[in-house]
Amino acid sequence: MGRAVIYETFGGPEVLELREVPEPHVGPGEVRVRVTAAGLNPMDWSIASRPEAAARFGITVPSGFGSDLAGVIDEVGDGATGFAVGDRVYGGALGRAVADFVVVKSPVDALWHTPEGISDEVASTLPVAGLTAAAALAAIGLRSGDTVLVGGAAGGVGVFAVQLARLAGATVIGTASPGTFEFLRQLGAEPLAYGPGLANRIRALAPDGVTAATDLFGTETAEAALALGVPPERISTVAAGPNPPGGVRATGAIDAATDVPEQITDAILAGKLTVPIAAAFPVEKIRDAVTLQAGRHVHGKVVVTL
């Protein structure tokens, strides 16, 4: 038997249960990951709490939980290629990542080798957040010399977006709550409070204007950027649905270039990108982990260990 986090009804953290489940085994063309860490994302609790969000991903109850994982390959099926028993890996398994064992198809686009020098806890934070951040910046054609506005800069995706934008040579203004300002300065962003009057605060901080923007939380940052005259094709959103306001560009992790995972791990190993882990919880404390993550005031990533 193995363990997995399961929910049978949609709701808050209270619906999540850690259960013993039959241990899955590989079939042809499959590999099994013995999961050691799972990184949480806002989409995880959104799917578990909102039937309409789950439906967009084809998820029905009862369901497993989580999407990002890291661990070690411990079974390889006939015909599976690219991975061997003992390989450290990280990747995605939508709706089933928080479990002792996860079976995935091989070769797959959503499973990568974990480089030496990167822990499983850090690797488990990379798939959704790292790919989403890269896609959000690529959608607006971010380039050196830009002044880019990042909405939700202190969140799980934001910490990647801020650092990737800085590595690209952009000046970064990040919206967040005041309690995160020093944290954002350490990542290389100029912090700014979100909320009413945002456009005026941006004008005061950047009198020469902003040239691009990405909204990682909702639509407030995108709307402020439009009001400041940023062209809609240079504004992206990741959490505003498929039809964001003003013709700005909706994007997500699925749009990231295939070389993004390697770019991110290379930057981590070179000391050019850090992954702030706000908290790590044992899987037995899954409800506490999701409560913290869903509170939207986390500085960085939340990880569950197995």
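Heavy atoms only: backbone and side chains are in, while hydrogens, waters and symmetry mates are out.
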### Any pair counted as side chain to side chain donor-acceptor pair (under 3.5 Å), so long as it reaches residues 128-153, sequence neighbours left out
Asp146-Thr211, Asp146-Arg234

### Query
How would you list all residue pairs meeting side chain to side chain donor-acceptor pair (under 3.5 Å) that involve residues 15-29, not counting sequence neighbours?
Glu8-Arg19, Glu17-Arg19, Glu23-Arg32, His25-Glu75

### All side-chain contact (heavy atoms from CB on, under 4.5 Å) counterparts of Val76, not counting sequence neighbours
Val31, Ile73, Ala80, Val85

### Task
Scan for ring-ring contact (aromatic ring centres under 6.0 Å, His included) pairs involving residues 113-166, sequence neighbours excluded, and state none if there are none.
Phe83-His113

### Message
For residues Val162 and Leu126: do they belong to one hydrophobic cluster (side chain heavy atoms under 4.5 Å, members Ile, Leu, Val, Met, Phe, Trp, Tyr)?
### Response
yes

### Task
Answer yes or no for Arg96 and Phe65: cation-pi contact, defined as NZ/CZ to six-membered ring centre under 6.0 Å and angle to ring axis within 45°.
no

### Query
Under the side-chain hydrogen bond (donor to acceptor under 3.5 Å, both in side chains) test, which residues partner Asp120, sequence neighbours left out?
Thr36, Arg88

#### Entry: Where Gly152 and Thr175 come nearest, the two heavy atoms and their spacing
N-OG1, 3.1 Å

### Residues in salt bridge (charged side-chain N to carboxylate O under 4.0 Å, His left out) contact with Arg56, at least two apart in sequence or another chain
none

#### Entry: Results of side-chain contact (heavy atoms from CB on, under 4.5 Å) for Ala138 - residues two or more places apart only
none

### Query
Who are the side-chain hydrogen bond (donor to acceptor under 3.5 Å, both in side chains) partners of Thr125, not counting sequence neighbours?
none

## Note on the structure
Here the side chain to side chain donor-acceptor pair (under 3.5 Å) pairs for residues 198-207, sequence neighbours left out, are Asn200-Arg203

### Message
Ignoring hydrogens, what is the shortest heavy-atom contact between Asp44 and Gly39? Give both atom names and the distance.
### Response
OD2-O, 4.0 Å

Side-chain polar contacts of residues 270-284 - donor-acceptor pairs under 3.5 angstrom, sequence neighbours left out - could you list them?
{"residue": "Thr274", "atom": "OG1", "partner": "Gln163", "partner atom": "OE1", "Å": "3.3"}
{"residue": "Glu284", "atom": "OE2", "partner": "Arg3", "partner atom": "NH1", "Å": "3.1"}

### Query
Should Val238 and Leu137 be regarded as members of a common hydrophobic cluster, given that ILVMFWY residues are connected when their side-chain heavy atoms come within less than 4.5 Å of each other, either directly or indirectly?
yes

## Note on the structure
ring-ring contact (aromatic ring centres under 6.0 Å, His included) filter on Tyr90, not counting sequence neighbours, yields Trp112

### Message
Would you say that Leu192 contacts Phe181 through its side chain, given a criterion of any heavy-atom pair below 4.5 Å between the two side chains?
### Response
no

### Message
According to side-chain hydrogen bond (donor to acceptor under 3.5 Å, both in side chains), who are the partners of Ser236, at least two apart in sequence or on a separate chain?
### Response
Thr214

